[in-house]
Each structure stands twice: as structure tokens, then as C-alpha cells.
K.L.:
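Take this structure first; my questions come after.
The structure displayed is predicted, hence computed values, not measured ones. Hydrogens, waters and symmetry mates play no part in the numbers below; they use all other heavy atoms, side chains included.
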Amino acid sequence: MKLSRAAKHAILIGSLCSVSYFAVYNARNILSAVTPQMIEGGYTEAYIGQVSSLYFIFYAVGQLINGMIGDRIKAKWMIAIGLLGAGISNLVFSQVAANPTAAMMAYAMTGFFLSMIYGPMTKVVSENTEPIHATRCSLGYTFASFFGTPSAGLLASLLVWQGVFAVSSGLLVTMAIVSFLFFSVFERRGIVQYGRYKAEKKGAGNVKVLLRHGIVKFSLIAIITGVVRTSVVFWMPTYINQYLGFPEKQAALIFTVATFIISFTTFIAIFVYERLGYDMHKTVLVMFSCSTLFFILLFLVKNPIANITLFVLAVMASNGAGTMLYSRYCPSLRDTGMVSSATGFLDFLSYMAAAGANLLFANAVHDIGWGNLIFVWILLLLAGVAVALPYGYFKQKFSKKAPEN
């Protein structure tokens, strides 16, 4: 079957974005993957929790700021500068980790630079591809984001933690150069164009437009899935090491395998989405319900292998709801002209929630133990189910006046 010109262009744009985003997520998960090594080397959970939380805060605020800037500046500049700056900051952190102030600022800047990428990337995809292709492109770099996690775990199982940061930094700098060159070529060939869609209104008018597109509901979904995708997964190697009793290197290897499996969530979520009649609201409800069930079973089942399996399934189900958010909802905002701003805002909420959760989880491990922390995760996913319930359906179902056909 011969591909259309639009499909070929979508493949080129999607492939470049996917590889670039792989580098981003590899870097994002490095600290999580090497945490057991760092704890063994004398660093405390509280210190690592503070470093990661500051990173999430800077990443979140950066998403809000850079999301708005990304609607005004070419994606190639935002993405290239973000990748390059993150590569440098990431390497600096590994060299000054023993100095808390310098380390926290270096890792915070890593978060800010990485926040320059997702919003502009989503915008350039949505504006330069057809809706069906935009979804596939979003799937590509969403998959790359999940695949970046096991790659971090693999590096942590092979190298000392400083070496892991060095490799990750090299990948970021390399992709900064590659992405800038390829985007420049795409611009000259007309594959990528900017400014094709403008915001419908200014100021408060923009808020009303987003409210009509369900931004409140999807903001809550961003918060819940962000905590699971970021904070819960961040502590997964430490959970495997401390709660399930596996040695540090073995925990890193298990983390690699587990997150590799999690990386296929995107395709499973789209499969379910298509079987549910292309209804993203229904898909989110199913995913949150399954995640809640798996976390309940995780609380009850103590066998290490079964426990890890349930952990993976719980995260996959929650990430399935996140797939609907970033692969379906965000690209659907193309006509508003605010894809980058809205995506940045949702990521801001996601990572601010993750920052708070990371501090909470770090302290909770000592205060209430891993078992009770799982119960907290159950409550979180139950909140997700409540958010996803079709209130409009129930209102119509139980209203006194029968709905008109």
C-alpha cells in the first residue's frame, strides 16, 4: 500500500519527535533508577526525595511558562535548547551531588530545560499532520517516553550511577544537534510550517474555549496520572529493594524489565479505545477502574513475583488513562491554536502534583511503611474513577423529565 504525502511527512515528524523524546525520558528516569545505588553510597531517601521534588517543581513551572512560549517560538529552537541545556545540567548534577545546594539547583535546571520540549513538540505535530496521523505521532513519542524508563534501569544495572548520568547527558546533547538539523531541513522542504492555527480569543476568552473542551476534567486526570506515572514509578526500584527484599543491582534489573513492559501501555490503551467505539471518556473510566483493582490486589498479595506483576499492571492501567490525555485530548485542541499552552498547563499540574507526592512518599516510607503507602495509592486511583464517571449520563438517566429523542 502506497503511503500518501501527508502520511510520509507525519512519519518523518513523528520519528524525529519520538527519538528526541526518548532522550528526554531516559534523562527523567535516571535518578529514580540509580536511587538504590546512591542510598547504598550514603545518600538518604529524604535527600533524594528533596532533589527529585525540586526537579518536578521546576519542570512543572517550566511547562507552564514554556508551553505559552511554545505557541510563539519555532519548535526547533525550543526543543534543541531544551535538550542541550538538560544535557549540561544533568552532567553537572552528577559531579556536584555531594553538595546539596549545587546539586539541587543543577537538577532543578535539568527539569526546567526538559520542560521546553513536550508542549512545542505536540503543537508542531498537531499543526503539521492530519488528526489521524497526529494521534499516531503522539503514540510514537508517548511510547518513546515509556521506553526511556527501562533504558535508564538498564544503564543503572550496568554502570555506576555517575556513569549513568554521563551517558544520558551525551544522548541529550546528541539529540539537540540532530533535532535542530532535521527540523531545519523539514522547514526548508515545507514539511513543517508554523502559525497555521491561531488562538480563537485572547485572555479570558481562551479560558472559556478550554472550558468548553473539558479542561477541568482532564486537569484532574493529569494530576492523578502524573502522580502514578512519575512519583509511584520513581520509587519503584526502592520499593523492590526495600519492601520486596531484592538486592540493589537486581532491583535495577527488575525495574528495567517492568518498565519495558509498561512501555507497551500506549498500544494497549489505543486498542481498548478503539474497541470502546473511539470513546476516550469511557476508556479513561475503564483504565482507572482496572488500576484501582490492581492496586487493591497489590495491597493483599505478598508473593514477590505476583506483587511486582500487579504493580506493573496497576501502573499500566493508570498510564492508559494518561495516553488518552496526551495522545487524544491534547492533539484534539489543534483548532483552538493553544495546543502548546494547554499541554504545558496540563503537564504543569501533573508534575506539581508529582512533586508534592514525591515528598509525601519519601516521608511516608518511614512513617507509615510501604504497605500503608499502597493504600494511599488505592485512594488516589479511586479518585480517578470518581473523576472519570459519566455524570452527564446519570443526570440524564435520573432526571424527572425523560430525555427527548
K.L.:
List the atom of Val124, the atom of Cys17, and the distance in Å for their closest heavy-atom pair.
P.N.:
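Shortest heavy-atom contact: CG1-SG, 4.4 Å.
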K.L.:
Given the rule in the side-chain contact (heavy atoms from CB on, under 4.5 Å) test, do Ser169 and Val173 qualify, once you have shown the distances and angles that lead to the verdict?
P.N.:
CA-CA 6 Å; Ser169 296; Val173 173; 5.6 Å; no
K.L.:
Does the side chain of Ile79 come within less than 4.5 Å of Leu83's, by heavy atoms?
P.N.:
yes
K.L.:
Using only atom types and a distance under 3.5 Å, with no angle test, would you say the side chain of Asn241 pairs donor to acceptor with the backbone of Pro237?
P.N.:
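No, Asn241 side chain to Pro237 backbone: no donor-acceptor pair under 3.5 Å.
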K.L.:
Indicate, with yes or no, if the rings of Phe112 and Tyr59 have centres closer together than 6.0 Å.
P.N.:
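No, the ring of Phe112 stays outside the 6.0 Å limit from the ring of Tyr59, centre to centre.
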K.L.:
Should the pair Tyr47 and Tyr43 be assigned to parallel (<30°), tilted (30 to 60°) or perpendicular (>60°) ring geometry?
P.N.:
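Geometry flag for Tyr43 against Tyr47: parallel rings.
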K.L.:
Out of curiosity, Phe56 CZ to Leu54 CG, how far, rounded to the nearest 0.5 Å?
P.N.:
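Output value for this atom pair is 11.0 Å.
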K.L.:
Give the C-alpha distance, both sets of side-chain angles, the deciding distance and a yes or no for side-chain contact (heavy atoms from CB on, under 4.5 Å) between Ile48 and Phe234.
P.N.:
CA-CA 11 Å; Ile48 295 172; Phe234 179 90; 3.8 Å; yes
K.L.:
Counting C-beta onward and ignoring hydrogens, is there a side-chain heavy-atom pair between Leu381 and Ser318 closer than 4.5 Å?
P.N.:
yes
K.L.:
For residues 173-187, which residue pairs pass the salt bridge (charged side-chain N to carboxylate O under 4.0 Å, His left out) check, not counting sequence neighbours?
P.N.:
Lys74-Glu187, Lys76-Glu187
K.L.:
Return the set of residues passing side chain to side chain donor-acceptor pair (under 3.5 Å) with Ser52 (not counting sequence neighbours), or none when no residue passes.
P.N.:
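Only Asn358 meet the side chain to side chain donor-acceptor pair (under 3.5 Å) criterion with Ser52.
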K.L.:
Do Met78 and Ile117 have side chains that get closer than 4.5 Å, going by heavy atoms?
P.N.:
no
K.L.:
Do Gln63 side-chain atoms and Asp347 backbone N/O form a donor-acceptor pair below 3.5 Å?
P.N.:
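Here the side-chain-to-backbone pair does not exist.
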K.L.:
Taking atom CD of Glu248 and atom CD of Gln250, what is their separation to the nearest 0.5 Å?
P.N.:
10.5 Å
K.L.:
Parallel, tilted or perpendicular: which one describes the rings of Tyr107 and Tyr55, with boundaries at 30° and 60°?
P.N.:
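Tyr107 vs Tyr55 ring planes: tilted.
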K.L.:
Does Ser289 reach the side chain of Leu285, with side-chain heavy atoms less than 4.5 Å apart?
P.N.:
yes
K.L.:
What are the two closest heavy atoms between Ala152 and Ile30, and how far apart are they?
P.N.:
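Scanning both residues completely, I find the closest heavy atoms to be CB-CD1, 3.8 Å.
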K.L.:
If you define the side chain from C-beta out and look only at heavy atoms, does anything of Met105 sit under 4.5 Å from Val96?
P.N.:
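No, their side chains stay 4.5 Å or more apart.
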K.L.:
In sequence, state the C-alpha distance, the side-chain angles, and the governing distance for Val24 and Met175, and then conclude on side-chain contact (heavy atoms from CB on, under 4.5 Å).
P.N.:
CA-CA 9 Å; Val24 171; Met175 284 312 305; over 6 Å; no
K.L.:
Using the benzene-type ring in the case of Trp, are the ring centres of Trp377 and Phe311 under 6.0 Å apart?
P.N.:
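Ring centres of Phe311 and Trp377 closer than 6.0 Å.
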K.L.:
For Phe186 and Phe183, take the angle between the two ring planes, folded into 0 to 90°, and tell me which bin it lands in: parallel under 30, tilted 30 to 60, perpendicular over 60.
P.N.:
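Correct class here is perpendicular.
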K.L.:
Do you know the tightest heavy-atom contact between Ser20 and Ser179?
P.N.:
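That would be OG-CB, 3.8 Å.
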K.L.:
Are Phe255 and Ser32 side-chain neighbours, meaning at least one heavy-atom pair lies under 4.5 Å?
P.N.:
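They are in side-chain contact.
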K.L.:
When you check the side-chain N and O atoms of Ser350 and Arg229, is any donor under 3.5 Å from an acceptor?
P.N.:
yes
K.L.:
If only atom types and distance count, is the side chain of Ser291 paired as donor or acceptor with the main-chain N or O of Ala317 below 3.5 Å?
P.N.:
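The answer is no, because no donor-acceptor pair under 3.5 Å joins these two groups.
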K.L.:
When you look at NZ of Lys282, are more than 12 heavy atoms from neighbouring residues, nucleotides or ligands closer to it than 6.0 Å?
P.N.:
no
K.L.:
Please state whether the rings of Tyr273 and Tyr278 are parallel, tilted or perpendicular, taking 30° and 60° as the class boundaries.
P.N.:
perpendicular
K.L.:
Quick one: closest heavy-atom pair of Ser219 and Phe345, and the distance?
P.N.:
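Here Ser219 and Phe345 meet closest at OG-CE2, 3.5 Å.
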K.L.:
Start with the C-alpha gap between Leu382 and Phe295, add the side-chain angles, then the distance that decides, and say whether side-chain contact (heavy atoms from CB on, under 4.5 Å) holds.
P.N.:
CA-CA 10 Å; Leu382 282 173; Phe295 272 123; over 6 Å; no
K.L.:
Test your reading of the model: is there a side-chain donor-acceptor pair from Ser94 to the backbone of Leu91, 3.5 Å cut-off?
P.N.:
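Looks like yes, one N/O pair under 3.5 Å.
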K.L.:
Which value, rounded to the nearest 0.5 Å, describes the distance between Arg328 atom CZ and Thr323 atom OG1?
P.N.:
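It is 12.0 Å, given to the nearest 0.5 Å.
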K.L.:
With rounding to the nearest 0.5 Å, note down the distance linking OG1 in Thr238 to CD1 in Ile39.
P.N.:
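Result: 4.5 Å between the selected atoms.
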K.L.:
Any idea which heavy atoms bring Pro36 and Ala33 closest together, and the distance?
P.N.:
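That closest heavy-atom pairing would be CD-O, 3.7 Å.
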K.L.:
If only atom types and distance count, is the side chain of Thr110 paired as donor or acceptor with the main-chain N or O of Asn90 below 3.5 Å?
P.N.:
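Flag set: sc Thr110 to bb Asn90 pair under 3.5 Å.
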K.L.:
Taking the side chain as every heavy atom from C-beta outward, state whether Tyr329 and Ile215 have any pair of such atoms under 4.5 Å apart.
P.N.:
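A side-chain contact exists here, since the closest heavy-atom pair is under 4.5 Å.
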K.L.:
State the CE-CG distance between Met287 and Leu276, to the nearest 0.5 angstrom.
P.N.:
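It comes to 8.0 Å.
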K.L.:
Does Ser231 use its side chain to pair, donor to acceptor, with the backbone of Ala354 at less than 3.5 Å?
P.N.:
yes
K.L.:
Please report the shortest heavy-atom distance between Leu346 and Tyr326, naming the atom on each side.
P.N.:
O-OH, 4.1 Å
K.L.:
Give, for atom CD1 of Ile308 and atom CG of Leu298, the distance between the pair rounded to the nearest 0.5 Å.
P.N.:
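The CG atom of Leu298 is 10.0 Å from CD1 of Ile308, to the nearest 0.5 Å.
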K.L.:
Tell me whether the rings of Tyr239 and Trp370 are parallel (<30°), tilted (30 to 60°) or perpendicular (>60°).
P.N.:
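Plane angle over 60°, so perpendicular.
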K.L.:
Hey, does Thr225 have a side-chain heavy atom less than 4.5 Å from the side chain of Asn319?
P.N.:
no
